[in-house]
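Read the structure below first, then the notes.
As the structure is a prediction and not an experimental result, all values here were calculated from the model. Note: hydrogens, waters and symmetry copies are ignored here, and every other heavy atom, side chains too, is used. Chain A is the first sequence line, chain B the second, and so forth, proteins listed ahead of strands; every chain is numbered from 1.
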Amino acid sequence: MSVREEFDTWASDGRDKGMEERHWHTARHVLARMPVEPDDVVLDLGTGSGYALRALREASNIRRGYGLDGAPEMLRNARSYTDDPAIAFIRGDFDALPFADDSLNHVFSMEAFYYAVDPLQTLGEIRRVLQPGGTFYCAVNYYEENVHSHAWQENISIEMTRWDRREYREAFRDAGLFVAEQDNIPDRETEIPPAAAFPTEGFETREAMVERYRELGTLLTVGVAPEQ
Amino acid sequence: MSVREEFDTWASDGRDKGMEERHWHTARHVLARMPVEPDDVVLDLGTGSGYALRALREASNIRRGYGLDGAPEMLRNARSYTDDPAIAFIRGDFDALPFADDSLNHVFSMEAFYYAVDPLQTLGEIRRVLQPGGTFYCAVNYYEENVHSHAWQENISIEMTRWDRREYREAFRDAGLFVAEQDNIPDRETEIPPAAAFPTEGFETREAMVERYRELGTLLTVGVAPEQ
Amino acid sequence: MKEDLMDIICCPLDKHDLELEVIRRDEAEILEGRLVCTECGEEYPIEDGIPNLLPPDMRDEAAA
Amino acid sequence: MKEDLMDIICCPLDKHDLELEVIRRDEAEILEGRLVCTECGEEYPIEDGIPNLLPPDMRDEAAA
Ligand SMILES: Nc1ncnc2c1ncn2[C@@H]1O[C@H](CSCC[C@H](N)C(=O)O)[C@@H](O)[C@H]1O
Ligand SMILES: Nc1ncnc2c1ncn2[C@@H]1O[C@H](CSCC[C@H](N)C(=O)O)[C@@H](O)[C@H]1O
């Protein structure tokens, strides 16, 4: 199945807004760390509902925010959620970015990077489009150490890349990006029911759910583009 | 008064250990973000009790950890707290680092950077000693937005630099470092008494204390060294 | 899409500049049109205000 | 200090290499000695195992 087929269904189901709500718990902390300046141009890779761009415009008044996504329904929805003239949406693929060399100050991506058909190619493209000193904030909930995420692949038709922390660092460096930071960002907002409520649909035990949200949370890897 | 005169007294008072305990609340989160690899060499600038090097050796098994400080009593104590052969201490000044060009992978500094006589000179020195892609993790509790810290200067004989978030970013860039991240790291561990206990010695109201620790916390600015 | 996007976008294949052909627009932006690569000549449609810059082999003909 | 420190330290003034002169050592490290700049000739003491690489004008003569 294609990105369009898989994710257009999500968008029509309202899952774009559902993800926005859930991902915001950690994405807002990721966004808060980005050293954006008012004059910056930022790309949101796999933008979904486009919430990251709206948040960056509000918090930091960035000059332009571009949301790239492969699913037209996602983009149509994202476009309808904002009338900010500094935000624009583009259909494209992670592995063939339609942006000029050195044209962006920062790239943000939440829960999307691992859908790339060729993630090393995507990293190379990110390095290419970033200005020297530009950052790539790559946030994922699906990764090796998060054992609670491993089963997700079963419900998704797109092949997902499951790297561990070290593999993320190595892949960034192989693509010519400096690694400036790696961190687990806890989700302190998702409600965790009392022990008696377990097993639930998602978790065998309360401890497992605490580990998933409060400890493992979102894996953030920050890359920085060198001089070309 | 000199760094030696001011801080040797602190070390003799046991304030080196006191700072270690208090600073650890946020410093451990800063250290956890650093993308250190087992082969890395790390400098702790203004090392105090040297706890950051001990923690990095334990968590990431770095190859070498060097602690620089201007106060000999601090260094003597720091040396006595570890017998790890990969940790060494050096007396020196922030503005004239005794390290060869490109010789370090990372520089960490907690609650020390702003004591530099010439902080721009210090940043230039840090850039010089860092390998391309090396990081400077600069953590401070004394900064403009933290209004609760402004009075600290009154009790210290060394002149302190009080930059705001933007001034940190600009100074890093002026020194030729890329800015990869800026963040406020909350201290969730310092105990905050119930409202009835206020005013205390340190805070007029409970809200002020909550703002100081849970919201403003420690300001972290992460710089990355470009190719020379 | 707005014209200022032209400053930053390029052909996803060879990364060369694109040329804009407007079919329909309102005061704010281009609603229907084409982006043509100045190097390889590949054409990328603008549909409902959103440029489709997928590589042509990934483009689904069923696209709205 | 241990010998391997020599790989990384330099004169704080002109950043040139230092030469090590050992006065007293045990099996593990140098306890007293001198580091001499191969360029400017400035001498930096090693005291109680800790090299003092402060610029000379910041050095306090009262140092233990
Ligand atoms: N190869 C690819 N190229 C472009 N977009 C892709 C893609 N693979 C997946 N996507 C898009 O990436 C998104 C992942 S869902 C995450 C959406 C959003 N960032 C959020 O945090 O909620 C989907 O909108 C999907 O359409
Ligand atoms: N200009 C300078 N050069 C070298 N060391 C300095 C200095 N100014 C201050 N210092 C040292 O910086 C330290 C600041 S106190 C912080 C200590 C430790 N990092 C901690 O987090 O607890 C002191 O040990 C002091 O001696």
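With contacts defined as side-chain heavy-atom distances shorter than 4.5 Å, the pair B:Arg165/A:Pro35 does not qualify. B:Arg33 has its side chain within reach of A:Arg33: a pair of non-hydrogen atoms, C-beta onward, lies under 4.5 Å apart. No side-chain heavy atom of B:Glu170 sits under 4.5 Å from any side-chain heavy atom of A:Glu37.
For the set A:His29, A:Met34, A:Arg188, A:Arg166, the entry with the most heavy-atom pairs within less than 4.5 Å of chain B is A:Arg188.
Counting non-hydrogen atoms of neighbouring residues, nucleotides and ligands closer than 6.0 angstrom, the CD atom of A:Glu204 reaches no more than 12 such neighbours. Annotation for A:Glu227: atom CD counts as buried by contact number, over 12 foreign heavy atoms lying within 6.0 Å. A 6.0 Å sphere centred on CD of B:Glu189 holds more than 12 heavy atoms belonging to other residues, nucleotides or ligands.
Using non-hydrogen atoms only and a strict 4.5 Å limit, no part of residues 109-120 of chain A faces chain B.
With a 4.5 angstrom heavy-atom cutoff, B:Val179 touches chain A via backbone and side-chain atoms both. Contact of B:Arg169 with chain A is made through the side chain alone, with heavy-atom distances under 4.5 Å.
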